[in-house]
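Atoms within a ligand are numbered from 1 in the order they appear, just like the ligands themselves. From a predicted model like this one, the values you see are computed outputs, not experimental measurements. Numbering starts at 1 and runs along the sequence shown. Only this structure's heavy atoms are used, side chains among them; waters, hydrogens and symmetry mates stay out.
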Amino acid sequence: MENCVFCKIIKGELPSTKLYEDKDFIIIKDINPSAKVHLLAIPKNHVPYIDMMTSEGTTLLGNILLKISKMQEELGITEGYRLVINQGENGGQTVNHIHIHILGGEKLKDM
Ligand code: 5GP
Ligand code: ZN
């Protein structure tokens, strides 16, 4: 998708620090971290919002959660982590390409 910052990162048109990549998604460092470890898991397919996702998309999200749990050491989150999806304006979504925030590396504040 043109003008989508995450699509540009996926295509290699913008730089990022990539920790993982397969055919379906990438895990990169967030450019403006909110925790000691702040990563973004981003499906390669451009879908703006979780309420626009197909069943294929939900399967991929499940696979991403599983992969994160298996990569805790590499990601620096063995002591625990928080996964967040911001949806829409009230949710604080700023990039309209579905992504999961992975937060950890320290004791996070209570929500
Ligand atoms: P949202 O607010 O949509 O849930 O999250 C978007 C996230 O993307 C923010 O945490 C923001 O810091 C991050 N972000 C925005 N632009 C870039 C970029 O160019 N590179 C990286 N690595 N992260 C970005
Ligand atoms: Zn996109």
**Geometric N/O contact V95 with ligand 1, under 3.5 angstrom** = yes
**Prompt:** Do you reckon V95 sits in the same ILVMFWY cluster as M1, going by side-chain contacts under 4.5 Å, direct or chained?
**Reply:** no
**Least distance between heavy atoms, S16 atom then I9 atom** = OG-CG2, 3.5 Å
**Request:** Consider every N or O of L40 and every N or O of ligand 1, then say whether any pair is closer than 3.5 Å.
**Result:** no
**Message:** Return the closest protein heavy atom for atom 22 (N) of ligand 1 as residue, atom name and distance.
**Reply:** K29 O, 2.8 Å
**Complete:** among protein heavy atoms, the one nearest atom 13 (C) of ligand 1 is D30 OD2, 3.4 Å
**Item:** Atoms in ligand 1 flagged as close to V5, the criterion being non-hydrogen separation under 4.0 Å
**Value:** 19 (O)
**Request:** Report yes if some N/O of S16 lies less than 3.5 Å from some N/O of ligand 1; otherwise report no.
**Result:** no
**Message:** If the cut-off is 4.0 Å to any non-hydrogen atom of N32, which atoms of ligand 1 fall inside it?
**Reply:** 12 (O)
**Asked** Between G105 and V37, which heavy-atom pair has the shortest distance, and what is it?
**Response** CA-CG2, 3.7 Å
**Item:** Ring centroid separation H97 to H99 under 6.0 Å
**Value:** no
**Fill in**
N86 heavy atoms within 4.0 Å reach ligand 1 at atoms 1 (P), 2 (O), 4 (O)
**Request:** Could you tell me which non-hydrogen atom of K44 sits nearest to which non-hydrogen atom of E21, and how far apart they are?
**Result:** NZ-OE2, 2.8 Å
**Asked** What protein heavy atom is closest to atom 23 (N) of ligand 1, reported as residue, atom name and distance in Å?
**Response** I31 N, 3.3 Å
**Request:** Starting from the C-alpha separation in whole Å, work towards a yes-or-no answer on side chain to side chain contact (heavy atoms under 4.5 Å, CB included) for Y81 and L108.
**Result:** CA-CA 8 Å; Y81 53 93; L108 300 170; over 6 Å; no
**Prompt:** Do I98 and M53 come within less than 4.5 Å of each other through their side chains, counting heavy atoms only?
**Reply:** yes
**Fill in**
of all protein heavy atoms, closest to atom 8 (O) of ligand 1 is F6 CZ, 3.5 Å
**Request:** Consider ligand 1: state whether an atom of it lies below 4.0 angstrom from any non-hydrogen atom of I28.
**Result:** yes
**Request:** Supply the atom-to-atom distance L103 CG to D30 CG, rounded to the nearest 0.5 angstrom.
**Result:** 8.5 Å
**Request:** Take the angle between the ring planes of F25 and Y20 and call it parallel below 30°, perpendicular above 60°, tilted in between.
**Result:** tilted
**Fill in**
Among N, O or S atoms, H97 approaches the Zn ion (ligand 2) most closely through ND1
**Fill in**
Note: ligand 1 atoms sitting under 4.0 Å from heavy atoms of H99 are 1 (P), 3 (O), 4 (O), 5 (O), 6 (C)
**Asked** Looking from the Zn ion (ligand 2), what is the angle between SG on C4 and SG on C7, to the nearest 10°?
**Response** 120°
**Asked** Does the side chain to side chain contact (heavy atoms under 4.5 Å, CB included) test come out yes or no for I100 and V84, once each step is laid out?
**Response** CA-CA 6 Å; I100 303 172; V84 174; over 6 Å; no
**Prompt:** What N, O or S atom of H46 is found closest to the Zn ion (ligand 2)?
**Reply:** ND1
**Request:** Tell me which part of H101 gets within contact of ligand 1: side chain, backbone, both or neither, using heavy atoms under 4.0 Å.
**Result:** side chain
**Message:** Is any side-chain heavy atom of E106 closer than 4.5 Å to one of E79?
**Reply:** no
**Message:** Which residue and atom name correspond to the protein heavy atom nearest atom 20 (N) of ligand 1, and how close is it?
**Reply:** I9 CD1, 3.6 Å
**Item:** Validation row: I68, L83 side chains within 4.5 angstrom (heavy atoms)
**Value:** yes
**Request:** Name the closest protein heavy atom to atom 2 (O) of ligand 1, giving the residue it belongs to and the distance to 0.1 Å.
**Result:** T94 OG1, 2.9 Å
**Backbone or side-chain N or O of Q93 under 3.5 Å from ligand 1 N or O** = no
